[in-house]
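Encoded as structure tokens, the structure appears first; notes follow it.
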Amino acid sequence: QAQLVESGGGLVQAGGSLSLSCAASGRTFSNYAMGWFRQAPGKEREFVAIITWNGERTYHAASVWGRFTIARDNAKNTVYLRMNNLKPEDTAVYYCAKARGSTYFSASSYSRDAEYDLWGQGTQVTVSS
């Protein structure tokens with residue numbers, strides 16, 4: 001059974017860094033784009049970043065641009081999210097997700113929940129001020 005398992009969340013002070021990992025198992029994910037989303041308490045889940053199947057294209061939400069970086073290692077079936085200069089407003093549960101396609105060019109598509117068909121259970125990131 002295909003599944004995604006996130007790890008690396010935790011408590012960090014504002015200005016600190018964390019690295020999240022998403023390990024995929026049960027099938028090969030190297031042909032698909034992979035994304036990260038987050039959901040803060042009382043808010044809707046929002047897009048954070050996506051990386052195309054071969055890692056050649058990445059897109060990051062404006063709120064994290066310049067601070068977060070998505071990457072992948074297809075040999076390890078793993079996707080990463082490096083988060084620097086964290087802010088209290090970054091506090092959320094972070095989810096890894098497998099996209100339906102391999103490559104995206106439009107934010108109107110890759111930022112939509114419906115464009116992803118497999119989700120991890122999430123990992124909590126808490127940033128204290």
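Heavy-atom basis, side chains included; hydrogens, waters and symmetry copies ignored.
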Are the side chains of [X] and [Y] in touch, meaning some heavy atoms are under 4.5 Å apart?
| X | Y | result |
| --- | --- | --- |
| F37 | D113 | yes |
| Y110 | Y116 | yes |
| S102 | N31 | no |
| T52 | T58 | no |
| R67 | K87 | yes |
| T78 | R72 | no |
| I70 | R82 | no |
| Q121 | E6 | yes |

| Looking just at side-chain N and O atoms, do Q124 and Y94 make a donor-acceptor pair shorter than 3.5 Å? |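 Y94 and Q124 do not have a side-chain donor-acceptor pair below 3.5 Å.
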| said: Is a donor from one side chain sitting under 3.5 angstrom from an acceptor on the other, for T91 and E89? | reply: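 No.
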Cationic tip of [X] within the cone over [Y]'s six-membered ring, i.e. under 6.0 Å and within 45° of the normal?
| X | Y | answer |
| --- | --- | --- |
| R45 | Y95 | yes |
| K98 | Y32 | yes |
| R57 | Y59 | no |

| Looking at A14 and S129, what are the two nearest heavy atoms and their distance? |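 Here A14 and S129 meet closest at CB-CA, 4.4 Å.
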| Taking every non-hydrogen atom, the tightest pair across W53 and N74 |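 Scanning both residues, the minimum pair turns out to be O-ND2, 3.0 Å.
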| Stepwise side-chain hydrogen bond (donor to acceptor under 3.5 Å, both in side chains) test for T28 and S30 | CA-CA 6 Å; T28 298; S30 58; 5.3 Å; no
| query | So among L20, L18, L86, which one has a side-chain contact (heavy atoms from CB on, under 4.5 Å) with F68? | reply |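 Considering L20, L18, L86, a side-chain contact (heavy atoms from CB on, under 4.5 Å) with F68 is found only for L86.
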| said: Would the distance check show the side chain of R100 and the main-chain N or O of A114 forming a donor-acceptor pair, the cut-off being under 3.5 Å? | reply: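 A pair under 3.5 Å: yes.
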| said: Please check this pair: side chain of S17 against backbone of N84, looking for a donor-acceptor N/O pair closer than 3.5 Å. | reply: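 No; judged by distance alone, with no hydrogens or angles, the pair does not exist.
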| In terms of hydrophobic clustering (I, L, V, M, F, W, Y; side-chain heavy atoms under 4.5 Å; direct or indirect links), are M34 and V125 co-clustered? |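 They do share one cluster, since a chain of ILVMFWY contacts under 4.5 Å joins M34 to V125.
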